[in-house]
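Along the sequence shown, residues are numbered consecutively beginning with 1.
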Amino acid sequence: MNLFRRVLRLNSSFWTEDRSLTALLVYLLIVIFVLPPLTLSRGSEIVNAVFFSMVLVSGVFAANEHGHVRLLILILAAIAIVVHWLNLSSLPLQEADNIFSMLSLGTLASVVLYHVFKEGNFTHHRILGAVSVYLLIGLIWSKAYHLVFLGDSNAFVFPHLQANEEIVYTRFVYFSYETLTTLGFGDIIPINPIAKSLVMIDGLTGQLFPAIMITRLVSLEIEARKNRNN
């Protein structure tokens, strides 16, 4: 029991440090770019769910400094993880899975932004934290696209039919980042009005977020250098 408490305390301490932002980025890179191509088998779906759960749990520890926020993200993460695993068990919970995942990821993005902009020495970990927020935005939008698709299977035009539901979702992960980065290959086309609105907001976010973030990070670096010189 004492060992468990010690591990928990060390873990909580780690997620309040800047280096935790780098760890979160590694998790996200695995979830977004490594696992989706492997989701053709049942075992790989479980691995995907494990890493996704780890991302949400990291948000609970990252909010360690804020009691009310930590309670909120703890509740959202717990519900999102339970629903995600139940959905993996073939229960009809796709809509709930997407909704609670969006809420949890959005809260996590807010917590990470706080760590990026909080007082203290400006480090490369904070830059990587800003990248993590950008990737979290893409994941949130992929859940939103999938939610629209579940309500209207004709909301998007795909180049060919999908083999199963999991492959459909991985297409939305791809489409989300394609839109966020404004690549616009045109291989997936939104037809539903709600889907079109989401695509426009996604594209605008992809343009505005890096510009605003770079401006803010540069100002923080200038301020940090002034403080070091004084």
Side-chain angles (χ1 to χ4, degrees), residues 7 10-39 44 47-66 69-70 73-74 76-77 80-81 84 100-145 169-170 172-183 202 205-221 224:
V7 172
L10 290 174
N11 200 22
S12 298
S13 176
F14 171 78
W15 285 105
T16 60
E17 300 175 4
D18 285 354
R19 57 180 178 155
S20 66
L21 300 176
T22 302
L24 177 61
L25 178 60
V26 172
Y27 284 168
L28 290 173
L29 291 175
I30 294 174
V31 170
I32 297 167
F33 299 109
V34 177
L35 296 182
L38 305 177
T39 52
S44 59
V47 173
N48 195 354
V50 169
F51 272 89
F52 181 74
S53 300
M54 289 172 61
V55 170
L56 297 184
V57 170
S58 68
V60 177
F61 290 105
N64 187 52
E65 300 177 16
H66 318 280
V69 175
R70 188 180 190 186
I73 197 171
L74 174 61
L76 290 175
I81 291 172
H84 189 71
F100 284 108
S101 293
M102 288 169 61
L103 292 173
S104 298
L105 293 171
T107 307
L108 174 58
S110 300
V111 171
V112 174
L113 275 179
Y114 168 81
H115 282 285
V116 171
F117 295 137
K118 71 179 181 180
E119 295 182 358
N121 295 328
F122 186 77
T123 65
H124 70 279
H125 295 295
R126 298 196 181 193
I127 298 176
L128 297 180
V131 176
S132 296
V133 175
Y134 190 74
L135 294 180
L136 285 169
I137 292 173
L139 274 183
I140 293 170
W141 245 258
S142 70
K143 298 289 183 181
Y145 292 140
Y169 172 67
T170 60
F172 287 124
V173 174
Y174 158 77
F175 178 65
S176 177
Y177 290 103
E178 177 189 32
T179 305
L180 189 65
T181 55
T182 64
L183 290 174
D202 194 5
T205 303
Q207 289 288 308
L208 295 176
F209 181 86
I212 296 173
M213 186 61 63
I214 290 173
T215 302
R216 179 57 177 160
L217 291 176
V218 169
S219 65
L220 286 174
E221 175 62 16

Atom [atom1] in [X], atom [atom2] in [Y]: separation rounded to 0.5 Å?
X	Y	atom1	atom2	answer
Leu108	Leu139	CG	CG	10.0 Å
Ile127	Ile214	CD1	CD1	10.0 Å
Ile212	Gln207	CD1	CD	11.5 Å
Lys143	Phe172	NZ	CZ	12.0 Å
Leu56	Met54	CG	CE	11.0 Å
Leu21	His125	CG	NE2	8.5 Å

Looking at residues at least two apart in the chain, or sitting in another chain, which of them share a side-chain contact (heavy atoms from CB on, under 4.5 Å) with [X]?
X	result
Ile140	Met102, Leu105
Leu183	Glu178, Thr181, Phe185
Ser176	Trp141, Ser142, Tyr145, Asp202
Phe33	Leu29, Leu135

Quick one: does any side-chain atom of Arg126 pair with a main-chain N or O of Lys118 as donor and acceptor, under 3.5 Å? yes
Ser53 meets the side-chain hydrogen bond (donor to acceptor under 3.5 Å, both in side chains) criterion, sequence neighbours left out, with Trp85
Sequence neighbours left out, what passes side-chain hydrogen bond (donor to acceptor under 3.5 Å, both in side chains) with Ser104? Give chain and number order. none
